[in-house]
Participant: 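One structure coming up, written as structure tokens, with questions to follow.
Note that these values count all heavy atoms, side chains included, but never hydrogens, waters or copies made by symmetry. The residues of the chain are indexed from 1 along the displayed sequence.
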Amino acid sequence: MTHRLLIDTDPGVDDALAILMASAHPGCRIEALTITAGNVGLGHTLANALKLCEVADIDAPVFPGAPVPLVAVPEDAAYVHGRDGFGDAGLSPPSRRAESEHAALAMLRLAREHPGELTFVMLGPLTNLALALSLDPSLPERVPRLVVMGGAVSGRGNTRLPVEFNTGFDPEAARIVFDRWPRFELVDWEATLRHGLAHARCDRWFAVDHPLARFYDTISRQTRIWSAGLRGEEWHSADALAMAQVLEPERALETAERALTVELAGEHARGMTVVDWLGRGKRPVNARILLSYDRTRFEQLVQAAVGAA
Ligand code: RIB
Ligand code: CA
């Protein structure tokens, strides 16, 4: 089966690895990249997506999306990914050009042109998808699979206490998506923490004599050094784990089906994913939450992404 992917993304170092994983996978075709602000501003995330398509020879249109979230404008994650989102590596500007169509409109058009055939993969804040859903609430009828990287299902976030970056960057967008998309798959930050990649192994993979390994070593070096100082021997690549789930869902070892939403208010809780673990609420089950994935296969998919397999 070929996975035909629309990838919504805020590249971002881990976004880049996820996109390279999809590009390298024989059972996958990247149909479009839709770009949002998030890790860094839209100017950088768009340029990074175009540069990545150029370096990896990805033949897919790149659509610019939302430059800001729906309501508040929070801090970005430049401290993780570098000011330019790609490790401040000083890459030359991309030669590829973005499409003129807005990402949200491209989502609606492509879903109408290919009903029942596309998987939407969300690797950043959900602003573009929320805009698309607001323009056409029937969108989920034409998109059989939605996979979201986001949230922290037991309150262990990576920004303010219980909040994960993607849902925290645009909580209103996340609320719209989680309330209006009947069923989706969620790969959260806590699953990412359980599936760390040993820095020593990553160093070996990204040192192989392959242009993609060299490129990825360059853009990821800064964030891997930062990560080692903060979290020790393992590097945590959230979007890469989400892409593994997209590409080979049969390798998931354990999942949980629960009702999930996003808190919008609260000094500490705004942007927090709230999961009805005990099934006591009235909300319908909407999320299949990844709890455990085949780590060996995850690492093989990462290696293949950079030509180190
Ligand atoms: O919390 C991790 C997520 O936030 C990843 O998608 C990362 O790229 C950032 O967007
Ligand atoms: Ca991302």
Participant: Once you round to the nearest 0.5 Å, how far does CD1 of Ile7 lie from SG of Cys28?
Facilitator: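 Atom-to-atom, Ile7:CD1 and Cys28:SG are 6.5 Å apart.
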
Participant: According to salt bridge (charged side-chain N to carboxylate O under 4.0 Å, His left out), who are the partners of Arg204, at least two apart in sequence or on a separate chain?
Facilitator: none

Participant: May I ask you to say whether Arg288 pairs ionically with Glu257, meaning some side-chain N is under 4.0 Å from a carboxylate O?
Facilitator: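 Between Glu257 and Arg288 there is a salt bridge, with a charged N closer than 4.0 Å to a carboxylate O.
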
Participant: Heavy atoms only: give me the nearest His81-Val13 pair and the separation to one decimal.
Facilitator: ND1-N, 2.9 Å

Participant: Measure across Pro11 and Phe86 and return the closest heavy-atom pair with its distance rounded to 0.1 Å.
Facilitator: CB-CE1, 4.0 Å

Participant: Rounded to the nearest 0.5 Å, how far apart are CG of Leu20 and CG of Leu52?
Facilitator: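 One gets 5.0 Å once the value is rounded to the nearest 0.5 Å.
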
Participant: How many angstroms lie between atom CD1 of Ile19 and atom SG of Cys53, to the nearest 0.5 angstrom?
Facilitator: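 Taking CD1 in Ile19 and SG in Cys53, the distance rounds to 7.0 Å.
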
Participant: Can you find a heavy atom in the side chain of Trp205 that is under 4.5 Å from one in the side chain of Val302?
Facilitator: yes

Participant: Indicate yes or no: at least one non-hydrogen side-chain atom of Phe298 is less than 4.5 angstrom from one of Leu197.
Facilitator: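 Contact flag for Phe298/Leu197 side chains = yes.
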
Participant: Compute the centroid of each ring, for Phe184 and then for Phe120, and state whether the two points are separated by less than 6.0 Å.
Facilitator: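 No, they do not, as the ring centres are separated by 6.0 Å or more.
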
Participant: What I'd like to find out is whether the side chain of Pro74 reaches to under 4.5 Å of the side chain of Pro69, using heavy atoms alone.
Facilitator: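 Yes, close enough: below the 4.5 Å cut-off.
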
Participant: Kindly determine whether Lys51 and Ser92 satisfy side chain to side chain donor-acceptor pair (under 3.5 Å), including the steps that lead there.
Facilitator: CA-CA 8 Å; Lys51 187 68 180 179; Ser92 59; 2.7 Å; yes

Participant: Rounded to the nearest 0.5 Å, what separates atom CG in Asn158 from atom OG1 in Thr192?
Facilitator: 8.5 Å

Participant: So, Asp188 side chain and Met149 main chain: donor-acceptor pair closer than 3.5 Å or not?
Facilitator: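 Flag not set: sc Asp188 to bb Met149 has no pair under 3.5 Å.
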
Participant: Any chance you could lay out the salt bridge (Lys or Arg N to Asp or Glu O under 4.0 Å) test for Arg156 and Glu190, step after step, and finish with the verdict?
Facilitator: CA-CA 7 Å; Arg156 186 177 176 187; Glu190 294 168 31; over 6 Å; no

Participant: Quick one: does Asn128's side chain get under 4.5 Å of Phe63's, heavy atoms only?
Facilitator: no

Participant: Please report the shortest heavy-atom distance between Leu133 and Val177, naming the atom on each side.
Facilitator: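 Heavy atoms of Leu133 and Val177 come nearest at CD1-CA, 3.9 Å.
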
Participant: Any sub-3.5 Å donor-acceptor pair from Ser227's side-chain atoms to Thr223's backbone N or O?
Facilitator: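 Here the side-chain-to-backbone pair does not exist.
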
Participant: Decide yes or no for Val62 and Ile35: does some side-chain heavy atom of the first lie under 4.5 Å from some side-chain heavy atom of the second?
Facilitator: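 When only atoms from C-beta onward are counted, Ile35 and Val62 do touch, with a gap below 4.5 Å.
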
Participant: Taking all non-hydrogen atoms of both residues into account, name the closest pair between Thr167 and Gly271 and its distance.
Facilitator: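 Reported closest heavy-atom pair: OG1-O, 3.0 Å.
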
Participant: Answer yes or no: is there a donor N or O on one side and an acceptor on the other, between the side chain of His195 and the main chain of Ala191, under 3.5 Å?
Facilitator: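 Yes.
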
Participant: Among all residues two or more places apart in sequence or in another chain, which pass the side-chain hydrogen bond (donor to acceptor under 3.5 Å, both in side chains) test with Thr127?
Facilitator: Asp170

Participant: Report the residues that fulfil salt bridge (charged side-chain N to carboxylate O under 4.0 Å, His left out) with Arg251, sequence neighbours left out, ordered by chain and then residue number.
Facilitator: Glu248, Asp294

Participant: So that I can tick it off, tell me whether Asp88 and Arg83 are bridged by a salt bridge, with the cut-off set at under 4.0 angstrom between side-chain N and carboxylate O.
Facilitator: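 Result for this pair is yes, salt bridge flagged.
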
Participant: Listed by chain and number, what are the salt bridge (charged side-chain N to carboxylate O under 4.0 Å, His left out) partners of Arg201, not counting sequence neighbours?
Facilitator: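 Salt bridge (charged side-chain N to carboxylate O under 4.0 Å, His left out) list for Arg201, sorted by chain: Glu299.
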
Participant: Taking side-chain hydrogen bond (donor to acceptor under 3.5 Å, both in side chains) as the test, write out the residues that go with Arg214, two or more places apart.
Facilitator: Asp209

Participant: Report the residues that fulfil salt bridge (charged side-chain N to carboxylate O under 4.0 Å, His left out) with Arg221, sequence neighbours left out, ordered by chain and then residue number.
Facilitator: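 Per chain and number, Arg221 pairs via salt bridge (charged side-chain N to carboxylate O under 4.0 Å, His left out) with Asp217.
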
Participant: When you measure from the side chain of Glu164 to the backbone of Gly151, do you find a donor-acceptor pair of N or O atoms at a distance under 3.5 Å?
Facilitator: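 Side chain of Glu164 to backbone of Gly151: a pair is present.
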
Participant: Quick one: does any side-chain atom of Asn286 pair with a main-chain N or O of Phe178 as donor and acceptor, under 3.5 Å?
Facilitator: yes

Participant: For side chain to side chain donor-acceptor pair (under 3.5 Å), just list the numbers for Asn39 and Thr45, CA-CA rounded to whole Å, side-chain angles, deciding distance to a tenth of an Å, and then say yes or no.
Facilitator: CA-CA 8 Å; Asn39 282 317; Thr45 56; over 6 Å; no

Participant: Compare all side-chain heavy atoms of Pro61 with those of Leu33 and state whether any distance is below 4.5 angstrom.
Facilitator: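 The answer is no, as the side chains (C-beta and beyond) never meet within the 4.5 Å cut-off.
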
Participant: Looking at residues at least two apart in the chain, or sitting in another chain, which of them share a ring-ring contact (aromatic ring centres under 6.0 Å, His included) with Trp226?
Facilitator: Tyr79

Participant: So, taking the atom named CZ in Arg29 and the one named OG1 in Thr119, what distance separates them when rounded to the nearest 0.5 Å?
Facilitator: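 Taking CZ in Arg29 and OG1 in Thr119, the distance rounds to 12.0 Å.
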
Participant: Taking all non-hydrogen atoms of both residues, which atom of Ser134 and which atom of Pro137 are closest, and how far apart?
Facilitator: O-CD, 4.3 Å

Participant: Sequence neighbours left out, what passes side-chain hydrogen bond (donor to acceptor under 3.5 Å, both in side chains) with Thr296? Give chain and number order.
Facilitator: none

Participant: Should Val285 and Val148 be regarded as members of a common hydrophobic cluster, given that ILVMFWY residues are connected when their side-chain heavy atoms come within less than 4.5 Å of each other, either directly or indirectly?
Facilitator: no

Participant: Looking only at heavy atoms, which two atoms of Ala37 and Pro125 are closest? And how far apart?
Facilitator: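 Of all heavy-atom pairs spanning Ala37 and Pro125, the closest is O-CG, 3.5 Å.
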
Participant: Report yes if the side chains of Pro64 and Leu46 come closer than 4.5 Å at any heavy-atom pair, otherwise no.
Facilitator: yes

Participant: List the steps and the verdict of salt bridge (Lys or Arg N to Asp or Glu O under 4.0 Å) for Arg270 and Glu263.
Facilitator: CA-CA 5 Å; Arg270 172 175 161 78; Glu263 178 56 67; over 6 Å; no

Participant: Please examine the side chains of Ile289 and Arg258, heavy atoms only from C-beta on, and report whether any two atoms are closer than 4.5 Å.
Facilitator: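 The answer is yes; the side chains approach within 4.5 Å.
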
Participant: Do Thr159 side-chain atoms and Val163 backbone N/O form a donor-acceptor pair below 3.5 Å?
Facilitator: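 Answer holds: yes.
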
Participant: Quick one: does His3's side chain have a donor or acceptor within less than 3.5 Å of a partner on Leu5's backbone?
Facilitator: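 Flag not set: sc His3 to bb Leu5 has no pair under 3.5 Å.
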
Participant: Donor-acceptor pairs under 3.5 angstrom involving side-chain atoms of residues 230-242: please list them, not counting sequence neighbours.
Facilitator:
residue, atom, partner, partner atom, Å
Glu234, OE2, Arg295, NH2, 3.2
Asp239, OD2, Asp15, N, 3.2

Participant: Taking side-chain hydrogen bond (donor to acceptor under 3.5 Å, both in side chains) as the definition, give me every residue that meets it alongside Glu99, ordered by chain and number, with sequence neighbours left out.
Facilitator: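 Applying side-chain hydrogen bond (donor to acceptor under 3.5 Å, both in side chains) to Glu99 gives none.
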
Participant: Looking at residues at least two apart in the chain, or sitting in another chain, which of them share a side-chain contact (heavy atoms from CB on, under 4.5 Å) with Ser23?
Facilitator: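 With neighbours one apart ignored, the set is Ile30, Ile58.
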
Participant: To the nearest 0.5 Å, how far apart are CG in Leu118 and CG in Leu146?
Facilitator: 12.0 Å

Participant: Just by distance, no angles: are the side chains of Asp10 and Thr36 close enough, under 3.5 Å, to form a donor-acceptor pair?
Facilitator: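 No, Thr36 and Asp10 have no side-chain donor paired with an acceptor closer than 3.5 Å.
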
Participant: Can you check salt bridge (Lys or Arg N to Asp or Glu O under 4.0 Å) on Glu172 and Arg175, steps first, answer last?
Facilitator: CA-CA 5 Å; Glu172 281 75 15; Arg175 182 68 176 268; over 6 Å; no

Participant: If you look only at distance, which donor and acceptor atoms sit under 3.5 Å apart when one is on a side chain in residues 109-117 and the other is two or more places apart or in another chain?
Facilitator:
residue, atom, partner, partner atom, Å
Arg109, NE, Glu101, OE1, 3.0
Arg109, NE, Glu101, OE2, 3.0
Arg109, NH1, Glu113, OE1, 3.2
Arg109, NH1, Glu113, OE2, 3.2
Arg109, NH2, Glu101, OE1, 2.7
Arg112, NH2, Asp136, OD2, 2.7
His114, ND1, Arg4, NH2, 3.3
Glu117, OE1, Arg4, NH1, 2.2

